[in-house]
Structures are given as C-alpha cells and as structure tokens.
Q: 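Encoded as structure tokens, here's the structure I'll be asking about.
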Amino acid sequence: MRAMVLEKPGPVEQAPLILDEVTLPLPRAGEVRVHVRCCALCHTDLHTVEGDLPLPRLPLIPGHQIVGLVDAIGEGVRTLKEGDRVGIPWLYSTDGQCDYCRRGLENLCDHAQFTGYHVDGGYAEYTVVHEDYAYPIPKVFSDQNAAPLLCAGIIGYRSYRLSNIRPGERLGLYGFGASAHLVLQLAHHQGCEVFVFTRSQAHRDLATRLGAAWVGSAEDTPPHPLDGSIIFAPAGSLVPPALRVLRKAGTLALAGITMSPIPQMDYSLLYHERVIRSVANSTREDCRDFLDLAAAVPLHTEVQVFELAQANHALQALKRSEITGAGVLRITN
Ligand SMILES: [Zn+2]
Ligand SMILES: [Zn+2]
C-alpha cells in the first residue's frame with residue numbers, strides 16, 4: 001500500500017515524509033482493517049514529524065483523524081463488519097487497569113498508545129485498529145467533513161468542557177484553527193457569546209462568518225470580561241493576556257500538547273481563584289458524546305483538501321497558519 005512514511009524527523013520545509021510502498025497490515029484478534037478515505041491534519045502531526053515530541057518508534061506513519069471503511073475483520077470482532085464507515089482518533093488503546101483508567105481518566109492512562117505515534121496512523125491507504133477504539137461516523141457528515149472532528153473536534157470538546165463554561169456565558173478562544181472553528185459553533189449552539197483572538201485576517205473572517213461576537217488580538221481588551229477561555233495556539237506568551245481579561249474564578253484551558261514557555265507573571269493575574277489547566281488527549285466517552293453532539297448541531301467543518309503525496313506541503317501550510325479551518329489529506333476516492 002502507499003503511505004507517507006517518517007524515517008527521520010526534521011523541519012517540514014525539508015519534506016521529511018517520504019511516499020513509499022509498505023506492507024499491507026493484517027488485523028489481529030479483536031481488530032479491524034480500515035481502508036482509509038481521508039485523514040485530517042493536526043498540530044500534533046507537525047510536532048511528530050519535526051521531532052518536537054520524543055518518538056517511541058521509527059519509521060512511523062503519522063495521522064490520527066482517520067475516516068475509512070472496514071475492509072477486513074480479525075478473529076472475534078463483534079461490533080463492526082466489512083463496509084462499516086468508522087473514524088479512528090488519537091487514543092489508540094489503553095490498559096484498562098491503571099489507576100487513571102479505573103478513575104474514568106483513560107485519557108491519562110499510564111500505558112496509553114496513540115494513533116500515528118506509537119502505531120502507524122492514517123497517512124496511508126490502510127490501517128488497523130481494535131474494534132473498541134473505532135467509532136461509527138454519523139451519516140450527516142461526508143468523509144472529509146468528518147475527519148477533523150476526530151481530534152480537532154474531540155479535543156476542542158474536551159477543552160470546552162474543562163473550561164467550565166456554561167450555556168449563555170462568554171467564552172474566549174485564542175488561535176482560530178481546526179479546533180477553535182468547531183468549538184465556536186458548539187458554544188454558539190449552547191447560547192454562548194464567543195470572543196476570538198487571532199492575528200490572521202482569514203481566520204478573523206471565518207470567525208465572524210461562523211458567529212463570533214467579537215474578534216481581535218490577544219493584546220486587545222474585549223468589551224466584557226470572559227467567563228472561560230481556551231488557548232489553542234502553542235504560545236505560552238498568551239497566558240498572561242488571557243488571564244488579564246478573565247473574570248474572577250474563571251478557567252483558562254490550554255489545549256495544546258506542547259507550548260512555548262509561559263512567561264513569569266504577576267500573581268494578581270491568577271489571584272481571585274482563576275484556574276489554569278491543561279487538556280490531555282480524550283476518552284472514548286468524549287469521542288462518542290462529541291460525535292452525537294456534532295451531528296445534532298450539526299457542526300460545519302471548513303476543510304482544505306490535499307492529496308496524500310502532498311502531506312509535507314500540507315504540514316508546511318499548517319505550520320504557517322495558512323489553512324482556513326482544517327487540512328485534510330485525501331487518500332482514496
Ligand atoms: Zn490505564
Ligand atoms: Zn490531534
């Protein structure tokens with residue numbers, strides 16, 4: 001099968017992913033093989049390809065927002081059959097036994113494995129997954145519109161939940177890429193006013209079109225203090241200005257897997273019971289709940305489509321914030 005393979009991480013400008021022919025994977029007991037239709041891009045792919053994250057194995061096929069059709073079934077699979085359309089997200093497996101799993105925090109599992117990181121992912125024509133970690137895709141979404149829901153959407157949803165924002169409140173979003181454009185719609189659906197902080201004019205235009213109450217830069221002061229905020233951009237320098245416009249007892253959620261250092265700041269920015277918290281991965285329950293909600297709204301995903309062989313080019317565009325909405329690799333038609 002064709003795949004974009006990472007043999008040695010490096011700056012995306014140097015095109016570290018190589019188009020190659022690799023062995024077709026076979027599903028083991030409990031697993032299904034998925035014929036991949038498309039795979040959306042995530043900032044984590046960029047951090048993987050560039051080696052910002054320690055890589056557990058090489059060579060590696062990245063990609064963890066996969067939509068495809070089940071085309072082979074391993075022994076004992078009960079919930080899926082050939083031809084089913086499924087999505088595969090970042091959470092590939094958990095041990096089900098550690099203290100975090102037992103406390104309902106399988107997103108923090110001590111032995112979690114992640115798609116396109118510990119195991120080969122979706123920048124390929126086929127991939128395999130355990131049936132318990134693949135999810136039926138609601139019919140209302142096309143393949144390409146569904147793919148960004150699987151990480152941008154789910155992580156956005158978990159960040160939104162952990163920001164403690166309630167219906168009708170004011171939510172701030174810092175950075176306006178794939179995740180934020182979905183959270184905006186979700187928050188809007190729940191009667192929240194959304195304030196978007198981004199420099200990019202294209203991103204501001206999209207935010208306005210999707211119903212943002214206000215758009216500006218991180219240094220700007222919105223007309224009202226915010227009840228909760230989420231930082232999607234991997235920039236620690238956004239933390240102090242975000243706290244400055246957050247009301248007392250408000251929560252600032254940090255959605256990224258990495259972030260540049262958070263500058264030293266005055267305690268008064270945090271005082272009055274403001275909360276800063278990070279968001280890490282997601283649970284299977286997040287995934288199921290979010291896909292139901294996404295179909296009920298229904299969320300509109302703005303996508304920019306690239307061919308599989310253009311993956312390096314697509315990641316370069318992501319790095320430069322040149323993608324409006326979410327980038328998606330088309331793999332089979
Ligand atoms: Zn565990
Ligand atoms: Zn991701």
Side-chain angles (χ1 to χ4, degrees), residues 4 6 12 17 36 38-50 52-53 55-56 60-67 87-123 127 129-130 132-135 146-160 162 175-183 230-234 253-259 278-287 290-291 294 301 303-304 311 314-315 317-319 321 323 325-329:
M4 288 298 276
L6 180 70
V12 281
L17 291 169
V36 181
C38 58
C39 183
L41 307 173
C42 174
H43 273 277
T44 300
D45 301 346
L46 192 56
H47 297 310
T48 300
V49 168
E50 297 206 315
D52 300 333
L53 295 173
L55 297 181
L60 173 70
I61 301 170
H64 59 269
Q65 304 189 79
I66 303 165
V67 174
I88 306 172
W90 174 240
L91 186 71
Y92 186 81
S93 69
T94 59
D95 61 12
Q97 294 173 3
C98 74
D99 189 43
Y100 296 102
C101 283
R102 288 203 302 264
R103 286 199 285 165
L105 292 170
E106 67 177 5
N107 58 308
L108 303 178
C109 175
D110 283 332
H111 302 103
Q113 289 199 301
F114 300 113
T115 313
Y117 184 67
H118 295 99
V119 297
D120 284 337
Y123 289 16
T127 192
V129 65
H130 194 279
D132 293 346
Y133 294 82
Y135 308 82
L149 301 174
L150 292 162
C151 184
I154 293 165
I155 296 296
Y157 169 71
R158 188 171 176 89
S159 305
Y160 177 77
L162 298 187
F176 200 72
S179 226
H181 96 287
L182 296 171
V183 172
I230 305 167
I231 298 183
F232 291 103
L254 311 180
I257 193 165
T258 65
M259 190 175 235
S278 66
V279 178
N281 317 318
S282 60
T283 64
R284 281 175 281 178
E285 192 182 4
D286 286 329
C287 196
F290 171 70
L291 287 174
T301 49
V303 297
Q304 199 170 322
L315 289 171
L318 179 69
K319 188 175 180 178
S321 295
I323 293 177
V328 175
L329 296 180

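We count ligands from 1, going down the list as the structure has it; atoms in each ligand are counted the same way.
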Q: Going by atom types alone, do T283 and D286 pair a side-chain donor with an acceptor below 3.5 Å?
A: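 Result is yes, a qualifying pair exists.
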Q: Check E106 against L91 and note the closest heavy-atom contact, atom names and distance.
A: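 Looking at all heavy atoms of both residues, the shortest contact is OE2-CD2, 3.9 Å.
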Q: Just checking, is any N or O donor in the side chain of Y123 or D45 under 3.5 Å from an acceptor N or O on the other one?
A: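 Present: a donor and an acceptor within the cut-off.
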Q: Sub-3.5 Å donor-acceptor pair from the side chain of N281 to the main-chain atoms of N107, do we have one?
A: yes
Q: Of all residues at least two apart in sequence or in a different chain, which pass the side chain to side chain contact (heavy atoms under 4.5 Å, CB included) check with S93?
A: Q113
Q: Are E50 and K319 close enough, and set up right, to give a side-chain contact (heavy atoms from CB on, under 4.5 Å), and what steps lead you there?
A: CA-CA 11 Å; E50 297 206 315; K319 188 175 180 178; 2.8 Å; yes
Q: Please list, chain by chain and in numerical order, all residues satisfying side chain to side chain contact (heavy atoms under 4.5 Å, CB included) with A40, sequence neighbours excluded.
A: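 For A40 the side chain to side chain contact (heavy atoms under 4.5 Å, CB included) partners, ignoring immediate neighbours, are Q65, A147, P148, V328.
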Q: I'd like to verify the contacts: list protein N, O or S atoms under a distance of 2.8 Å from the Zn ion (ligand 2).
A: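 Metal shell, protein only: C42 SG, H64 NE2, C151 SG.
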Q: Side-chain donor-acceptor pair under 3.5 Å between T94 and Y133, yes or no?
A: yes
Q: side-chain contact (heavy atoms from CB on, under 4.5 Å), that's the test. Do L55 and L6 meet it? Break it down for me.
A: CA-CA 11 Å; L55 297 181; L6 180 70; 3.9 Å; yes
Q: At a cut-off of 2.8 Å, what protein N/O/S atoms sit near the Zn ion (ligand 1)?
A: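 Sorted hits: D95 OD1, C98 SG, C101 SG, C109 SG.
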